[in-house]
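Scope of the values below: all heavy atoms of this structure, side chains included, with no hydrogens, waters or symmetry mates. Values in this document were obtained by computation on a predicted structure and should not be read as measured data. Order of the sequence lines fixes the chain letters, A, B, ..., with proteins taken first and strands second; residue numbering starts at 1 for each chain.
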Amino acid sequence: MLDLNFVRANLELVEEKLRARGADPAALLGDFRALDKSRREAITSSEQLKARRNELSNQFAMGMRAGSPSSARKLSEMPTMDRIRAVGEKAVDFSKSPEGLRLIEETRLLKEKLDQLDQTAAALDEQLRLSLARIPNLTRDEVPVGKSEADNVTVKTWGKVPAFAFTPKPHWELGESLGILDLERAAKISGARFAVYMGAGARLERALISFMLDLHTSKHGYTEILPPFMVNSKSLFGTGQLPKFADDLFRCSDADAEAVARGEFKDNDHWLIPTAEVPVTNLYRDEILDDSSLPIRLTAYTPCFRAEAGAAGKDTRGIIRQHQFQKVELVKFTRPEDSDAEHEGLTRDAEEILEALGLPYRRVLLCTGDTGFSSAKTYDLEVWLPGQSLYREISSCSNFEAFQARRANIRYRPTAQGAKAKPEFVHTLNGSGLAVGRTWLAILENYQQADGSVLIPEALRPYVGGLDRIVRQS
RNA sequence: GGAGAGAUGGCCGAGCGGCUGAAGGCGGCGGUUUGCUAAACCGUUAUAGGGUCAAAAGCUCUAUCGGGGGUUCGAAUCCCCCUCUCUCCGCCA
């Protein structure tokens, strides 16, 4: 979410940034000015009435105290004689006096007006909040302007694309013929876009998870987290999946998509996580972090569940696009001034997994049109897939700046300069390190041999019990 | 699932119908003292949204004691609903 004050003061800039994304500023910001203005007017007049109400209430309290000491002091604290007198005074209670009755009447009238005004103010506030919640993050200036992934810019390329003396096969052929991947039975038990891994295939998937977590925790300084795989809608709002992307999510029977569309986010409904980013980033929702604890670097393995509503017919072969896939995620919380460097570092941490596994890849800086809703800047890592002769996304590393922190209310208290430091929003970042399923298939395609077997990368062998090659299983 | 107890500021913890945004303590910050450190003492220390202001500071108003609703002239305090935490019982991987 963008800062309301910032949008108000920089409306032209916001419009320009939205256009760069290919969004329609008029549709998103349309009546922003008018809405903002009437919201503030409603708040102002409501607060004036409230000030008057409090004033009347004070007058009443003073009247009670002057007219009837019994109300000013606790009976139990009075000497006996005062107590007897105080009880007698109830007959001349201030609340029954003409002045008291006048105050009560004015307050009552005031309340009627106030109830109405407050309703208007709340409705306007809600409208503004909701429209703000649907505006994507502003991309940074160094993000290239472009419409689609065709306009992304390759920043670097690593590794040698392997040359084969034979025609390399796609992973679905390799997986089936090796007997380690069964898509037909997966379709039977769960439907399309699911996979069953068997034998060395299952072992390889598990090995990759451990390998990635180990590298990130021991070498890159991340703390391992194992979060819930279901979250509530408040969390999904916090990281930006809701309200806009409800269709991409699987939700449980207690989750109400229509309520979400109205801008109601609950803490007692359940949705399957589309990425570990959601539970891990929301770990610190509504908290004020200690300055000295930053940056916080967390890594988590989770399955990820995606409805893939808009992807009908896309990537139907193999396991590129699944309703459930495994992923090791990297998440950071940083001071604003550090997020840029931490973003570079996080991307490097993901790249090192690819390098350790000897998988050729390139790093791509996403253009404005391809950058995700919540992100200010995103690098994609794309792994080379010889079976299909193309680079395919295997990691996406984003700096969200304060966008998610503002939605999730994650702050820290700066201690610099000794001045009275007000809490500020942290910057959040995350990236895949890596998508395990796609790493699995990249290994199959890159390490396939003429005889149809697949070599296991050196670094991974300790994780598969020393196995150096996957051969056909019976 | 059943019974009970609880949720208060960065943290702990009082308050249980009226100048209570909230005692006290801890922590933080500033200062005094001190050869340095420590200790002691004094002061200060919530967040958000409005208004004022060119802007900031300041001043001012409003809201906030788990969330929502109600009673009342007035609610942290009384009532109802919900969520979460803890204890006991039941069930369960």
Side-chain angles (χ1 to χ4, degrees), chain A residues 1 3-10 35-77 86 90 93-115 117-122 124-126 128-129 132 228 231-235 254-256 259 264-270 282 284-294 405-426:
Chain A
M1 195 155 58
D3 179 43
L4 179 60
N5 291 316
F6 180 87
V7 176
R8 188 183 296 142
N10 301 280
L35 204 56
D36 181 50
K37 188 160 172 277
S38 36
R39 169 183 165 271
R40 281 194 287 171
E41 280 167 1
I43 287 174
T44 304
S45 37
S46 157
E47 288 187 345
Q48 277 166 357
L49 290 188
K50 278 176 187 159
R52 175 65 183 156
R53 184 192 63 189
N54 290 345
E55 195 181 306
L56 291 175
S57 179
N58 261 338
Q59 279 178 28
F60 197 92
M62 287 198 294
M64 289 292 279
R65 208 167 302 125
S68 163
S70 62
S71 301
R73 279 192 289 164
K74 285 186 179 153
L75 281 175
S76 58
E77 288 167 359
K90 289 229 156 133
D93 201 330
F94 176 77
S95 64
K96 304 251 166 31
S97 71
E99 178 63 4
L101 290 171
R102 195 190 65 74
L103 288 175
I104 290 173
E105 179 61 11
E106 188 179 344
T107 310
R108 206 178 50 76
L109 291 173
L110 201 67
K111 205 171 157 187
E112 279 173 23
K113 253 191 273 180
L114 194 57
D115 281 348
L117 204 55
D118 264 347
Q119 260 179 20
T120 319
L124 286 168
D125 191 67
E126 193 57 26
L128 194 70
R129 210 179 57 85
L132 211 56
V231 292
N232 56 37
S233 45
K234 259 190 194 164
S235 294
D254 57 3
D256 181 350
E264 294 165 25
F265 306 103
K266 301 200 281 185
D267 55 13
N268 61 344
D269 54 355
H270 301 86
N282 279 281
Y284 298 118
R285 172 149 54 84
D286 294 320
E287 291 193 31
I288 299 174
L289 301 170
D290 205 52
D291 185 50
S292 60
S293 69
L294 299 177
R406 202 172 284 116
R407 292 170 84 100
N409 192 28
I410 306 169
R411 295 172 295 175
Y412 80 108
R413 196 179 294 280
T415 54
Q417 299 132 14
K420 288 179 215 165
K422 287 202 158 199
E424 274 179 45
F425 291 113
V426 298

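Put simply, NZ on Lys266(A) is 13 Å from C1' on rG68(B), counting in whole angstrom units. Counting to the nearest Å, the P atom of rC82(B) and the CZ atom of Phe265(A) are 24 Å from each other. Here rG67(B) presents its P atom at 18 Å from CD of Glu264(A), a figure rounded to the nearest Å. The separation between Tyr412(A) atom OH and rU47(B) atom P is 14 Å, rounded to whole Å. Summarising the geometry, the separation between CG on Asp290(A) and C1' on rG10(B) is reported as 9 Å, rounded to the nearest angstrom. Following rounding to the nearest Å, Arg413(A) (CZ) and rA46(B) (C1') show an atom-to-atom distance of 8 Å. At whole-Å resolution of the value, CG in Leu49(A) and C1' in rU62(B) are 12 Å apart. Remark: C1' of rU62(B) and CG of Asp125(A) are 13 Å apart, rounded to the nearest angstrom.
Look at Arg40(A) and you won't find any side-chain N or O under 4.0 angstrom from OP1 or OP2 of rG49(B). Listed pair Arg406(A) / rA48(B) fails the phosphate criterion, with no side-chain N or O lying under 4.0 Å from OP1 or OP2.
When heavy atoms are screened at a 4.0 angstrom cut-off, Arg39(A) is found touching the sugar-phosphate backbone but no base atom. Residue contacts for Asn54(A): at a heavy-atom cut-off of 4.0 Å it reaches the sugar-phosphate backbone alone, with no base atom in range. When heavy atoms are screened at a 4.0 angstrom cut-off, Asn58(A) is found touching no nucleic acid atom at all.
Considering Asp269(A), Asp267(A), Asn268(A) as possible partners of Ser233(A), the one that fulfils the side chain to side chain donor-acceptor pair (under 3.5 Å) test is Asp269(A).
For Lys50(A), counting side-chain heavy atoms from C-beta on, the closest listed nucleotide (rG50(B), rA46(B), rU62(B)) is rU62(B). Taking the side chain of Arg411(A) as heavy atoms from C-beta on, and the options rG51(B), rG49(B), rA48(B), the nearest nucleotide is rA48(B).
Nearest heavy-atom pair across Met1(A) and Arg406(A) is O-NH1, 2.7 Å.
Comparing rA22(B) with rA76(B), their C1' atoms are spaced 8 Å from each other, to the whole Å. Taking atom C1' on both rA46(B) and rG10(B), the two are 9 Å apart, rounded to the nearest angstrom. Look at the C1' atom in both rC73(B) and rU64(B): the space between them is 22 Å, to the nearest Å. rU44(B) and rG25(B) have their P atoms separated by 13 Å, given to the nearest Å.
In this structure, Leu4(A) and Arg39(A) have side chains that are in contact, with non-hydrogen atoms separated by less than 4.5 Å.
Heavy-atom neighbours of Gln119(A) CD from other residues, nucleotides or ligands within 6.0 Å: at or below the threshold of 12.
For RNA chain B, runs of at least 3 consecutive pairs of the Watson-Crick or G-U wobble type, with both hydrogen-bonding distances under 3.5 angstrom, map to B:1-7 with B:83-89, B:10-12 with B:24-26, B:27-32 with B:40-45, B:46-52 with B:58-64, B:66-70 with B:78-82.
Distance check: Glu287(A) CD to Asn282(A) CG gives 10.5 Å after rounding to the nearest 0.5 Å.
Applying the side chain to side chain contact (heavy atoms under 4.5 Å, CB included) test to Ser292(A) and every residue at least two apart in sequence or in another chain returns Asp290(A). Scanning for ring pair (Phe, Tyr, Trp, His ring centres under 6.0 Å) contacts around Phe265(A) gives Phe237(A), with sequence neighbours left out. Residues satisfying the side chain to side chain contact (heavy atoms under 4.5 Å, CB included) criterion with Ala259(A), sequence neighbours excluded, are Asp256(A), Arg262(A), Glu264(A). For Leu49(A), the side chain to side chain contact (heavy atoms under 4.5 Å, CB included) test picks out Leu110(A), Lys113(A), Leu114(A), Leu117(A), with sequence neighbours left out.
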For nucleotides 71-76 of chain B, give me every protein contact, N/O to N/O, under 3.5 Å, one pair per line with atom names.
| unit_1 | atom_1 | unit_2 | atom_2 | d |
| --- | --- | --- | --- | --- |
| rG74(B) | OP1 | Lys111(A) | NZ | 3.3 |

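Of the N and O atoms on the side chains of Asn232(A) and Ser235(A), at least one donor lies less than 3.5 Å from an acceptor on the other residue.
Between Ile288(A) and Arg52(A), the residue whose closest nucleotide on RNA chain B is further toward the 5' end is Ile288(A).
Applying the 3.5 Å distance criterion, the base of rG49(B) shares a donor-acceptor pair with the side chain of Glu47(A).
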